[in-house]
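The structure appears below as structure tokens.
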Amino acid sequence: MVASALSRVSCACVHLVSKASYVSRGCQHQSWGWRPAASDLAAPGAPGGVVELLGKSYPQDDHTNLSRKVLSKVGRNLHNQQHHPLWLIKERVKEHFYKQYVGRFGTPLFSVYDNLSPVVTTWQNFDSLLIPADHPSRKKGDNYYLNRTHMLRAHTSAHQWDLLHAGLDAFIVVGDVYRRDQIDAQHYPVFHQLEAVRLFSKHELFAGIKDGESLQLFEQSSRSAHKQETHTMEAMKLVEFDLKQTLTRLVTYLFGDGLEIRWVDCYFPFTHPSFEMEINFHGEWLEVLGCGVMEQQLVNSAGAQDRMGWAFGLGLERLAMILYDIPDIRLFWSEDERFLKQFRVSNINQEVKFQPLSKYPAVINDISFWLPSENYAENDFYDLVRTIGGDLVEKVDLIDKFEHPKTHKTSHCYRITYRHMERTLSQREVGHVHQAVQEAAVQLLGVEGRF
């Protein structure tokens, strides 16, 4: 809600089709250091072009910015692969909610949806969640668009409105989400989220409260830092208490007793008040999830005007890296048996501590170039590097910025760290990849090389 490939890239049957010339590359394995043609870096968005994904066709336009690297991840569904570390986290959360929250007839209160399509409309991803039209999270440079109306979801909250509209008032959504971002050990263009929503009727919220029958969910007042204009203070306090109690129980179940927790006020467009939960883990405060009282405008628009509720979202990779001591987000995409076998446990609650694979030496290369006068975004460069270098690329750091005193042109220098997680790389093979990055940056981003 609020609030990673080794070995080889799995094949995804993705065809970029042009009416002028039909190209069907189909399923193909791509090796480390694979050197793509420029046409492989992104769907070109040419008039008449089509992106075919998950059995459907989407016309390209000026917003289309999908790389084949990212498209190859669609459908992998790591969270549904038995004994994968992300699957273990998902199953543990499910087990906790199934045991702790039971409906009137002895069945689980929360329903789970972990196989919803990652292709959503921009309305689902943004508008349904009250995200303003000019909000920076909508930027093309931060998202993967099939076209102006469809995209790969940036968060599992994209399904929130539809599930509420279907009449559900307690559910969990788990899935892969896609964002263009920096390159380091904690960031990957594909990661996985789990979010939950719970709504309460007046009877449900005030049951067991003294004189609860006289209390109300709604009123017309003014918005403050502590509540929305339509919620009574009593209702808001009870929903906030239930949310924080629910999450405290969850992280205690995952991490064990004696965990120190703190709540930090924050902002999300779809909740108010909003909070981030931080835990003190091995002496360090770590943010693990975002949550809040759902914006009543969102709840009302989905047809649940007589209810109010909470929502939270967490990153599965974030939790798994903390719980299992996994140091690099790329490892979640590994097909290396030395990694995968460590998580084949007979009991999902069995303690697992990742035993690192041998760490092979890094090969570091720098790249410098003059930026074009307009339309340059750092995330475009990061996406290009990921597409060409694949998971050979451990991180990319912007190490220098320079503005020429006479021409006023700006130069960026990036340091690219290449490291194979299964063998030693040679400077020669990295050199081929790095040259491809240089050539593609000039050809596709319009930069002027200083190499």
Side-chain angles (χ1 to χ4, degrees), residues 1-3 100-101 110 126-132 134-137 155-157 160-161 164 169-172 193-252 259-280 285-315:
M1 176 186 94
V2 284
Q100 286 288 322
Y101 307 98
F110 286 82
F126 298 119
D127 300 272
S128 73
L129 296 166
L130 312 179
I131 297 174
D134 59 351
H135 196 275
S137 66
H155 43 204
T156 47
S157 302
Q160 201 174 97
W161 190 94
L164 291 171
D169 54 17
F171 57 83
I172 293 170
Q193 285 187 336
L194 181 150
E195 82 163 59
V197 166
R198 185 174 184 185
L199 298 185
F200 299 89
S201 65
K202 174 184 172 181
H203 172 76
E204 290 168 332
L205 189 61
F206 296 128
I209 302 296
K210 184 179 179 180
D211 299 325
E213 63 276 1
S214 66
L215 300 176
Q216 302 295 325
L217 294 180
F218 306 113
E219 67 178 10
Q220 285 303 318
S221 59
S222 58
R223 177 173 290 239
S224 71
H226 305 291
K227 64 180 281 299
Q228 297 173 40
E229 59 273 22
T230 57
H231 294 159
T232 64
M233 185 62 77
E234 296 85 359
M236 188 283 300
K237 286 294 186 183
L238 284 172
V239 171
E240 179 184 331
F241 176 80
D242 187 85
L243 168 64
K244 291 181 175 179
Q245 185 180 60
T246 297
L247 292 173
T248 299
R249 287 174 178 162
L250 174 61
V251 297
T252 299
L259 191 67
E260 190 177 358
I261 296 169
R262 69 184 183 190
W263 302 93
V264 179
D265 293 339
C266 64
Y267 166 79
F268 302 115
F270 30 80
T271 56
H272 181 75
S274 302
F275 314 95
E276 288 179 343
M277 173 195 267
E278 296 183 352
I279 63 171
N280 192 328
W285 284 103
L286 303 173
E287 184 264 312
V288 291
L289 57 85
C291 62
V293 178
M294 297 180 68
E295 282 285 355
Q296 196 60 37
Q297 182 184 342
L298 188 164
V299 177
N300 291 350
S301 70
Q305 298 92 329
D306 61 337
R307 297 169 184 264
M308 64 180 292
W310 52 249
F312 76 82
L314 54 84

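Position 1 is the first residue of the sequence, and the numbers go up from there.
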Query raised in the report: Given I279 and E260, is the side chain to side chain contact (heavy atoms under 4.5 Å, CB included) satisfied, shown in steps?
Result: CA-CA 6 Å; I279 63 171; E260 190 177 358; over 6 Å; no
Requested in this report: Give the intermediate values and the outcome of side chain to side chain contact (heavy atoms under 4.5 Å, CB included) for residues K227 and S221.
Outcome: CA-CA 10 Å; K227 64 180 281 299; S221 59; 2.9 Å; yes
Report task. In sequence, state the C-alpha distance, the side-chain angles, and the governing distance for L205 and V239, and then conclude on side chain to side chain contact (heavy atoms under 4.5 Å, CB included). Result -> CA-CA 8 Å; L205 189 61; V239 171; 3.9 Å; yes
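The structure places CZ of F270 at 9.0 Å from CG of L298, a figure rounded to the nearest 0.5 Å. Between the CD atom of Q100 and the CZ atom of R249 there is a distance of 5.5 Å, given to the nearest 0.5 Å. Distance CD/E213 to CD/Q216: 10.5 Å, rounded to 0.5 Å. A distance of 6.5 Å separates CZ of F110 from OG1 of T246, quoted to the nearest 0.5 Å. Put simply, CG on L247 and CD1 on I261 are 8.5 Å apart, with the number rounded to the nearest 0.5 Å. Atoms CG and CD, from L238 and E204 in turn, are 13.0 Å apart once rounded to the nearest 0.5 Å.
The two residues G292 and L243 make their nearest non-hydrogen contact at N-CD2, 3.6 Å. Here the closest heavy-atom approach between residue G212 and residue F206 is recorded as O-CB, 3.7 Å. Closest non-hydrogen pair, L289 versus G313, comes out as CB-O, 3.3 Å. Nearest approach of L314 to V288, heavy atoms of both residues: CB-O, 3.7 Å. When all heavy atoms are compared, the tightest approach of S128 to W161 is CB-CB, 3.8 Å. Annotation for C291 and F312: closest pair CB-CB, 3.5 Å, computed over non-hydrogen atoms.
In the displayed structure, E229 atom CD is contacted under 6.0 Å by more than 12 heavy atoms of other residues, nucleotides or ligands. Atom CZ of F241 has 12 or fewer heavy atoms from other residues, nucleotides or ligands within 6.0 Å. Counting non-hydrogen atoms of neighbouring residues, nucleotides and ligands closer than 6.0 angstrom, the NE2 atom of H226 reaches no more than 12 such neighbours.
S157 contributes no side-chain N or O that, together with a main-chain N or O of Q160, makes up a donor-acceptor pair within less than 3.5 Å. Listed for the H272 side chain is a donor-acceptor partner under 3.5 Å among the backbone atoms of S224. A distance-only check finds no donor-acceptor pair linking the side chain of T271 to the backbone of M294 [under 3.5 Å].
T156 and E195 share a donor-acceptor pair across their side chains, judged by distance under 3.5 Å alone. Residues H203 and S201 bring no donor and acceptor atom of their side chains to less than 3.5 Å of each other. With no hydrogens or angles considered, no side-chain donor-acceptor pair links Q193 and H155 at under 3.5 Å.
Screening E287, E276, E278 for a salt bridge (charged side-chain N to carboxylate O under 4.0 Å, His left out) involving R262 leaves a single residue, E278. The residue from N300, V197, D169 that alone fulfils the side chain to side chain contact (heavy atoms under 4.5 Å, CB included) condition with L164 is V197. Test R307, Q228, H231, Q305 against Q296 for side-chain hydrogen bond (donor to acceptor under 3.5 Å, both in side chains) and you get one pass: H231.
Relative ring orientation between F275 and W263 is described as perpendicular, the plane-to-plane angle rising above 60° on a 0-90° scale split at 30° and 60°.
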